[in-house]
Amino acid sequence: MPVNRPWITLILSLIAIAIVGSGARFITVESDYEIFFDGVNPRLASHYEVEDLFGRNDFLQLAVEPKTGDVFNVEVMAAIEDITARFWTLTHSRRVDSVTNYPYTFVEGDDLNTTPMFEWADELSEEEWQTRKEFALNNVATRRLVVSEDGKMTGVNATVMLPEGDTSAPISLGTEFEEMVEVLRADYPQLNFYPYGSILINKAFFTHATAEFAQLLAIGVVLLLITSGIILRSPLAALSIGVLMSTSVIAGMGSTGWLGLPLTAPSSSSPVIVMALSVASTIHLMSGFLKRFNAGADRSSAIRSAMSENLKPIFLTAVTTAIGFLCLNISDVPPYRLLGNTTAMGVGIAFILTFTLLPALLRVLPFQRRQHSENQSGKVAGDGWRRFGQRVAANPGKISLASLAVMAVIVIPIQNNVIDDRLLTYFDKEVPIRSNTDYVMENFSWFYGAFMPVSAEEGSSITSPDYLNALDGFLNWSREQPEVMAAGGFSDVIKQLNQNMNADDPAFYSIPDNQQLIAQYLLLYELSLPFGKDLSTQIDNSRTSSLVRVGFNDLSSAEMRDFEYRANEYMQQHFPQAMRSNLTGPPMLFAHIWNDATMSNLMGMGLAVLVICSLIGVMLGSAKIGLISLLPNILPALMAFGVWGLVNAQIDIGSSIVAVIAFGIIVDDTIHFLHRYRHFRLQGDSYEEAIASTFAAVGGALFTTTVVLALGFGVLAFSNFTLNSSMGMLTGITIVLALIVDFIFLPAFLGVVDRRSPV
């Protein structure tokens, strides 16, 4: 029907694509960092328990740095006081903390007073200024949390309560905050502002899942169309490929919407991948058609011959590619399962369109024959590839050994790769949320932090001296660790109150040994606190649990896990069973996700290898061919990680899934090569003749598809979202190396293991 009734095929295909593509309007975007974790993830469950007890730790923070001098002057404090007031106007704001409204306690007579530390700063005496400045710079609860150690940077923090189920709330709130910061920059030109916080991280996830999606798609379309047109030497061929590429993406995105699958930052790369894969499968059919058409065959027979010759290998490559991506369902990271499923759907749609829409286009478009398919020397198209194949087939043993030696050398730098997965490094350094947070961590406060609920023993409460001393011991131990920037907990409040109630004598900065006295301190303190400064973020309503916060320097995920291990050891030795707990919080969650994802990705890789190689053996009718296909599909990934060890050396979640993805893609070239080789061998050709004929038949097409796929994945290198850019670059490197292996090692290796096999 696509050849005999092309117009009917075109109309029906476009109607079907329009119907399926209309589902794109149902696509939702999920931007929260929690999308990287399963709902059944035990660490995420612990994280939710902390939020249930002490509230969710979503926040917006603005670091403020005077362009000259430090923050301890009336002008700067007046600005901070004004900014603090403006933060209360932010939507969903439930608490605002700053150096001006920090609860500063002191005793007058028998009364405990709590006052904002630097509000009404112009009314403070010189002596009081100095006292409060020293407190801010030296107290464990304020140093590097309220003001930097050198006094040159401070911050205003808004804790927000987002409405449940509203995925757009972080986006609108982040935008509102950024607009406020621009107004502040105009109002206070003498100050530098550095906005950051979890809300802006979530907004950045959204931005790079939507805005970048359109940009990368546009770049990819242009690159792939130009490349296809140049290599195939036909503008109409490029047009046909463009139509199939576009319709595959439209139908793929529509299917995603109809199935109710969301779009996430990692899965946003799926359309670009589908686009590249659809072009790769199309080129084989297009190349076969043009070769026959330019050789003199009529249009219909050229299309039918190309379809007949390529149906089996293109079907097999579509199935194996889909299997490779579907194996991502084993991943512990939900967005990569989405990436696998949406890409697999797109690959299936591209296959269907390759044998329906594309033949119809070839039938109706006014292709012109190229009259120079045979040149003046009598050399036909593919003759250069045939000679290349003959050279490889002449010395298979030597080439195999030499290839293995070179590949071994390339693999060696794989040991340089470092496993590291940090939330901030998901974005390029040029992205504002990354650059701002890096600067603030270097000069002021921490971003990578962990939280831990610590419960009192049954029948006791957090006012127990034993509980508080144990808690204080852990905080002091934490502050002694080299990777810890700051640590805080409820025991700090009690020690400060005890000092205040004893004439501010530093000797009384300790936990009282009387529980009733501690309870009285707590009651007095809570009664003196102003609106919005209660202790609900530190202690629970039942007074049986308090929250510990530990802030880190810029740690790798391995270093963060190492701290957790030592913290657990400390608790085993010094805490009663009831007080032992687990560190949680977004950075700690991400510190563990790489290990979990790596194990699941290795399982996915193993499954993909087993299923795909078995399928190749069955489809090509040879178990030996299926086994032979293992090496040229595994070695390129190993070499790619070796190259990565020289050019980047950082392995994150995005690059860790490359082995699974790449295996499903690079197997395409191997299938086309082995399919043709097997075909010629079954015809009775010798090994040498079969290799030469195989190169003549598919060498050009394989080279073209490699260029197209490398460019398609290379487009992702432009992404500011490093999970996509690292995946794209590493996959592109793997694809290029796979072609070299298929063109040199594979034919030579076939000569070693299959040269003398009976035909």
- request: Let me see the working for Thr105 and Gln496 under side-chain hydrogen bond (donor to acceptor under 3.5 Å, both in side chains), right down to the final yes or no.
  value: CA-CA 8 Å; Thr105 55; Gln496 184 61 49; 4.5 Å; no
task: Would you sort out whether Gln538 and Ser546 count as a side-chain hydrogen bond (donor to acceptor under 3.5 Å, both in side chains), showing the intermediate values?
output: CA-CA 5 Å; Gln538 294 188 53; Ser546 70; over 6 Å; no
- prompt: For Asn157 and Thr159, what are the C-alpha separation, side-chain angles and deciding distance, and is it a side chain to side chain contact (heavy atoms under 4.5 Å, CB included)?
  reply: CA-CA 7 Å; Asn157 183 85; Thr159 303; 3.5 Å; yes
task: With side chain to side chain contact (heavy atoms under 4.5 Å, CB included) as the test, would you mind laying out the steps for Thr100 and Met117 before giving the verdict?
output: CA-CA 5 Å; Thr100 57; Met117 188 157 55; over 6 Å; no
message: Show, in sequence, the C-alpha distance, side-chain angles and deciding distance for Asp97 and Tyr102, and conclude whether the side chain to side chain contact (heavy atoms under 4.5 Å, CB included) test is met.
response: CA-CA 7 Å; Asp97 296 286; Tyr102 184 86; over 6 Å; no
- request: Given side chain to side chain contact (heavy atoms under 4.5 Å, CB included), test Leu589 with Leu44 step by step and report yes or no.
  value: CA-CA 7 Å; Leu589 290 172; Leu44 185 63; 4.1 Å; yes
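Donor-acceptor pairing under 3.5 Å is recorded for the side chains of Ser556 and Glu559.
Ring pair Tyr570/His574 is parallel by interplanar angle, where below 30° counts as parallel and above 60° as perpendicular. Taking the six-membered ring for Trp and thresholds of 30 and 60 degrees, Phe575 and Phe474 have ring planes inclined between 30 and 60 degrees apart. Aromatic ring pairs are classed by plane angle as parallel below 30°, tilted from 30° to 60° and perpendicular above 60°; the pair Phe177 and Phe87 is perpendicular.
Without hydrogens or angle criteria, Asn500 side chain to Val107 main chain gives no donor-acceptor distance under 3.5 Å. Of the possible polar contacts, none joining the Ser464 side chain to the Ser461 backbone as a donor-acceptor pair under 3.5 Å is found. Counting only distance, with no hydrogens or angles, the side chain of Asp505 and the backbone of Phe508 share no donor-acceptor pair below 3.5 Å. Side chain of Asn139 to main chain of Ala141: a donor-acceptor pair is present (N/O by atom type, distance under 3.5 Å, no hydrogens or angles). Under the 3.5 Å distance criterion, the side-chain polar atoms of Trp129 are matched with a main-chain donor or acceptor of Ala121. Judged purely by atom type and a 3.5 angstrom limit, Glu149 has no side-chain atom pairing as donor or acceptor with the backbone of Arg143. Using a distance-only test at 3.5 Å, with no hydrogens or angles considered, a donor-acceptor pair links the side chain of Ser172 to the main chain of Ala169. At distances below 3.5 Å, at least one donor-acceptor pair connects side-chain atoms of Arg434 with backbone N or O atoms of Phe427. Listed for the Thr537 side chain is no donor-acceptor partner under 3.5 Å among the backbone atoms of Phe54. For the pair Ser93 (side chain) and Thr89 (backbone), a donor-acceptor distance under 3.5 Å is absent.
Of the options Tyr104, Tyr509, Phe118, a ring pair (Phe, Tyr, Trp, His ring centres under 6.0 Å) to Phe135 is made by Tyr104 and by none of the others. Applying the side chain to side chain contact (heavy atoms under 4.5 Å, CB included) test between Met452 and each of Met571, Arg580, Met588 identifies Met571 as the sole match. Of the candidates Phe193, Phe447, Tyr194, Phe444, Tyr194 is the only one forming a ring pair (Phe, Tyr, Trp, His ring centres under 6.0 Å) with Tyr439.
Using a 4.5 Å heavy-atom threshold, the side chains of Tyr467 and Val454 count as touching. Using a 4.5 Å cut-off on side-chain heavy atoms (C-beta onward), Val71 and Val147 make contact. Looking at Ser528 and Asn113, their side chains never come closer than 4.5 Å, going by heavy atoms from C-beta outward. For the pair Asp492/Leu475, a side-chain contact is recorded, criterion being any heavy-atom separation below 4.5 Å from C-beta on. You'll find the side chain of Glu49 stays beyond 4.5 Å of the side chain of Leu53, heavy atoms only. Proximity of Arg549 to Leu145: side-chain heavy atoms (C-beta onward) are nowhere separated by under 4.5 Å. Side-chain contact check for Tyr525 versus Leu523: every heavy-atom pair is 4.5 Å or farther apart. Looking at heavy atoms from C-beta onward, Glu564 lies in side-chain contact with His592 at the 4.5 angstrom threshold.
In plain terms, the two heavy atoms of Pro465 and Ile518 that are nearest each other are CG-CD1, 4.0 Å. A pairwise comparison of heavy atoms in Phe451 and Gly585 identifies CD1-CA, 3.7 Å as the closest pair. For Ile462 against Ser545, the heavy-atom pair with the smallest separation is CG2-N, 3.4 Å. Counting all heavy atoms, side chain and backbone alike, Ile199 lies closest to Gly174 at CG2-N, 3.9 Å. Annotation for Ser460 and Thr544: closest pair O-CG2, 4.1 Å, computed over non-hydrogen atoms. Val156 approaches Ser98 most closely through the heavy-atom pair CG2-CB, 4.0 Å.
A salt bridge is absent between Glu178 and Arg185; no separation between the charged side-chain nitrogens and carboxylate oxygens falls under 4.0 Å. With salt bridges taken as basic N to acidic carboxylate O contacts below 4.0 Å, one links Glu526 and Arg543. Salt-bridge formation is not detected for the pair Lys133/Glu128: no Lys NZ or Arg NE/NH1/NH2 atom is positioned less than 4.0 Å from an Asp or Glu carboxylate oxygen. Salt bridge Asp472/Lys495: present, at least one basic N to carboxylate O contact under 4.0 Å. Salt-bridge check for Asp187 with Arg86: passed, with a basic side-chain N closer than 4.0 Å to an acidic carboxylate O.
With values rounded to the nearest 0.5 angstrom, Thr115 atom OG1 is found 5.5 Å from Arg132 atom CZ. Interatomic distance, CG of Leu173 versus CG of Asn202, reported as 10.0 Å (0.5 Å rounding). The CG atom of Asn582 lies 7.0 Å from the CZ atom of Arg43; values are rounded to the nearest 0.5 Å. Going from atom CD of Glu75 over to atom CD1 of Ile80 covers 11.0 Å, rounded to the nearest 0.5 Å. Between the CG atom of Leu137 and the CG atom of Asp150 there is a distance of 8.5 Å, given to the nearest 0.5 Å.
Side-chain rings of Tyr196 and Trp446 stay apart, their centers remaining 6.0 Å or farther from each other.
By the 6.0 Å contact criterion, NZ on Lys533 is enclosed, its count of non-hydrogen atoms from other residues, nucleotides or ligands being greater than 12. Counted within 6.0 Å of CD on Glu569, heavy atoms from surrounding residues, nucleotides or ligands total more than 12; the atom is thus considered enclosed. Summarising the local packing, CG of Asp122 is surrounded by more than 12 heavy atoms from other residues, nucleotides or ligands at distances under 6.0 Å. Shown here is Asp428, whose CG atom has more than 12 heavy atoms of other residues, nucleotides or ligands within 6.0 Å.
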